[in-house]
Amino acid sequence: MKDCIFCKIINGEIPCHKIYEDDFCMAFLDITNDSYGHTLVVPKKHYENMMTCDSSTLAKMIDVCKKIGSHYVKDCGFDGFHVFNNTGWFAMVKHIHFHIRPRKEDDGLKCEGEIENKCDVALEEVCKKLKFEEKKFAPHENVSDDTVVLYTDGACSGNPGAGGWASILSFKGKEKILSGGEEMTTNNRMELMAVIVGLENIKEGSKVSVFSDSAYVVNAFNQGWVANWKKNNWKTSGGSEVSNKELWFRLLDAMSKLQVEYVKVKGHSDNENNNRCDALARDEISKLSS
């Protein structure tokens, strides 16, 4: 969602004191610093509250709460932790999140809501003490066995210029690789083509998790851009025609036969399949110039 502060944090537009991140969720310290280690767990896909959030995402959030809470007890010297959620008019941010408050037996807190004094330790120092160090989960560790994992990436030399795209599909231990290129295109078109061709090669009715480092693709769905374009007869908020409209139509047609979710991953980082897709896409560009 465009104006959601948590979405901006997830997309890197606003800095935070990050405790943990995987392909689905992020956890960071509450900026109020009202108690030592007060942590927020948020999904990368925007849902307003618990009532609108799907069960799979809720399960992933609870798993992260368990992981972080256990870390606070086992590795950081706490005796326990609170986990709670606010749903309704009193929720300060309309992006579902769970609060974790690490606890000690002698902290003087009788119940939630009785915290009177802010933490006297700077958030930077708290983050150094509590940060959860772990390599990001591979997708197959987070996605149910009945879900197809689709990694995609696009690349372009010149933008516009020669471009390439790649898709890696994984399902129950089997993998399929698709790639292609165009002599004159843009990076956004290649990002779209990677998703389109990947989805078009998946059996109708399947559940699919698409992992992409393209904010252009992921935000279009997770932040409601496509829904707004439809309402505005495929015009942007500024009144101009949506770019690459024919590819968006083709993508929506492919999605109509599947159950699709989009997950944003960090590009050119430690995500093996994202890096593989990037290399495949760039190989396609090399083929065009050879």
Side-chain angles (χ1 to χ4, degrees), residues 1 4-50 52-53 55-88 90-137 141-142 222 263-266 269:
M1 182 174 289
C4 172
I5 188 171
F6 286 172
C7 286
K8 290 181 178 180
I9 289 173
I10 291 164
N11 291 329
E13 299 172 46
I14 297 176
C16 70
H17 295 90
K18 184 164 59 178
I19 295 295
Y20 171 90
E21 182 179 9
D22 61 29
D23 287 329
F24 294 93
C25 296
M26 183 184 289
F28 46 87
L29 296 176
D30 191 315
I31 197 170
T32 63
N33 202 19
D34 56 3
S35 65
Y36 190 97
H38 182 181
T39 304
L40 304 179
V41 175
V42 304
K44 291 185 174 180
K45 184 174 181 179
H46 182 91
Y47 295 95
E48 183 173 331
N49 55 45
M50 187 179 289
T52 60
C53 186
S55 298
S56 175
T57 299
L58 284 172
K60 290 165 186 170
M61 292 177 69
I62 290 296
D63 184 63
V64 171
C65 288
K66 177 182 176 182
K67 190 181 299 292
I68 294 173
S70 298
H71 162 64
Y72 287 167
V73 172
K74 295 177 181 178
D75 305 321
C76 302
F78 290 94
D79 299 315
F81 54 95
H82 279 153
V83 176
F84 65 97
N85 163 265
N86 294 321
T87 292
F90 49 87
M92 295 294 290
V93 180
K94 306 303 181 185
H95 181 131
I96 184 172
H97 56 285
F98 282 99
H99 298 256
I100 303 176
R101 289 190 192 272
R103 297 291 309 279
K104 290 188 176 182
E105 290 185 17
D106 58 355
D107 59 17
L109 178 63
K110 295 181 180 178
C111 64
E112 197 58 50
E114 292 191 5
I115 295 174
E116 296 179 355
N117 300 314
K118 285 184 174 289
C119 174
D120 59 2
V121 181
L123 286 173
E124 291 82 0
E125 293 302 314
V126 178
C127 191
K128 288 179 183 178
K129 294 288 186 181
L130 301 185
K131 191 174 181 66
F132 188 92
E133 299 291 351
E134 180 183 75
K135 186 177 179 180
K136 290 183 180 180
F137 287 125
E141 296 181 62
N142 293 283
N222 291 354
V263 181
K264 177 73 165 59
V265 298
K266 186 176 182 180
S269 184

Closest non-hydrogen atom pair between Ala27 and Val41, with its separation: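 Residues Ala27 and Val41, closest heavy atoms: CB-CG2, 4.0 Å.
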Using every non-hydrogen atom in the two residues, find where Pro102 and Phe81 come nearest and quote the distance to one decimal.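 Of all heavy-atom pairs spanning Pro102 and Phe81, the closest is CA-CB, 4.0 Å.
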Can you name the residues that form a salt bridge (Lys or Arg N to Asp or Glu O under 4.0 Å) with Lys129, not counting sequence neighbours?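 So Lys129 forms no salt bridge (Lys or Arg N to Asp or Glu O under 4.0 Å) with any residue.
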Residue list, salt bridge (Lys or Arg N to Asp or Glu O under 4.0 Å) with Lys128, at least two apart or on another chain: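 Only Glu125 meet the salt bridge (Lys or Arg N to Asp or Glu O under 4.0 Å) criterion with Lys128.
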Mark yes or no for whether [X], through its side chain, and [Y], through its backbone, hold a donor-acceptor pair below 3.5 Å.
{"X": "Asp34", "Y": "Cys119", "value": "no"}
{"X": "Thr57", "Y": "Cys53", "value": "no"}
{"X": "Lys8", "Y": "Pro15", "value": "no"}
{"X": "Asn85", "Y": "His97", "value": "yes"}

Flag the pair Glu21 and Lys44 as a salt bridge only when some basic side-chain nitrogen lies within less than 4.0 angstrom of an acidic carboxylate oxygen. yes
Whether Asp75 and Lys131 form a salt bridge (side-chain N of Lys/Arg under 4.0 Å from carboxylate O of Asp/Glu) is what I want to check. no
Within 45 degrees of the ring normal and closer than 6.0 Å to the centroid, is that where the cationic atom of Lys18 sits relative to Phe28?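 No, Lys18 and Phe28 do not form such a contact.
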As an exercise, state the distance from [atom1] of [X] to [atom2] of [Y], rounded to the nearest 0.5 Å.
{"X": "Arg103", "Y": "Ser35", "atom1": "CZ", "atom2": "OG", "answer": "9.0 Å"}
{"X": "Phe132", "Y": "Cys76", "atom1": "CZ", "atom2": "SG", "answer": "9.5 Å"}
{"X": "Cys25", "Y": "Phe98", "atom1": "SG", "atom2": "CZ", "answer": "10.0 Å"}
{"X": "Arg101", "Y": "His38", "atom1": "CZ", "atom2": "NE2", "answer": "4.0 Å"}
{"X": "Cys4", "Y": "Ile10", "atom1": "SG", "atom2": "CD1", "answer": "7.0 Å"}
{"X": "Thr32", "Y": "Leu123", "atom1": "OG1", "atom2": "CG", "answer": "8.0 Å"}

Pair Thr39, Tyr72: side-chain N/O donor-acceptor within cut-off below 3.5 Å: yes
Taking atom types as modelled and ignoring hydrogens, do the side chains of Tyr47 and Asn49 form a donor-acceptor contact shorter than 3.5 angstrom? no
Does the side chain of [X] reach to within under 4.5 Å of the side chain of [Y], using non-hydrogen atoms?
{"X": "Ile5", "Y": "Ile14", "value": "yes"}
{"X": "Cys7", "Y": "His95", "value": "yes"}
{"X": "Tyr36", "Y": "Asp120", "value": "no"}

One pair to check against side-chain contact (heavy atoms from CB on, under 4.5 Å): Val42 and Ile96. What are the steps and the verdict? CA-CA 6 Å; Val42 304; Ile96 184 172; over 6 Å; no
Would Asn86 and His99 satisfy side-chain contact (heavy atoms from CB on, under 4.5 Å), going step by step from the backbone distance to the final call? CA-CA 9 Å; Asn86 294 321; His99 298 256; 3.9 Å; yes
Test side-chain contact (heavy atoms from CB on, under 4.5 Å) on Ile9 and Met26; report intermediate values, then the result. CA-CA 9 Å; Ile9 289 173; Met26 183 184 289; 4.1 Å; yes
More than 12 heavy atoms of other residues, nucleotides or ligands under 6.0 Å from CD of Glu105: yes or no? no
Begin with the C-alpha distance, continue with both residues' side-chain angles, and end with the deciding distance and a verdict on side-chain contact (heavy atoms from CB on, under 4.5 Å) for Ile19 and Cys127. CA-CA 7 Å; Ile19 295 295; Cys127 191; 4.3 Å; yes
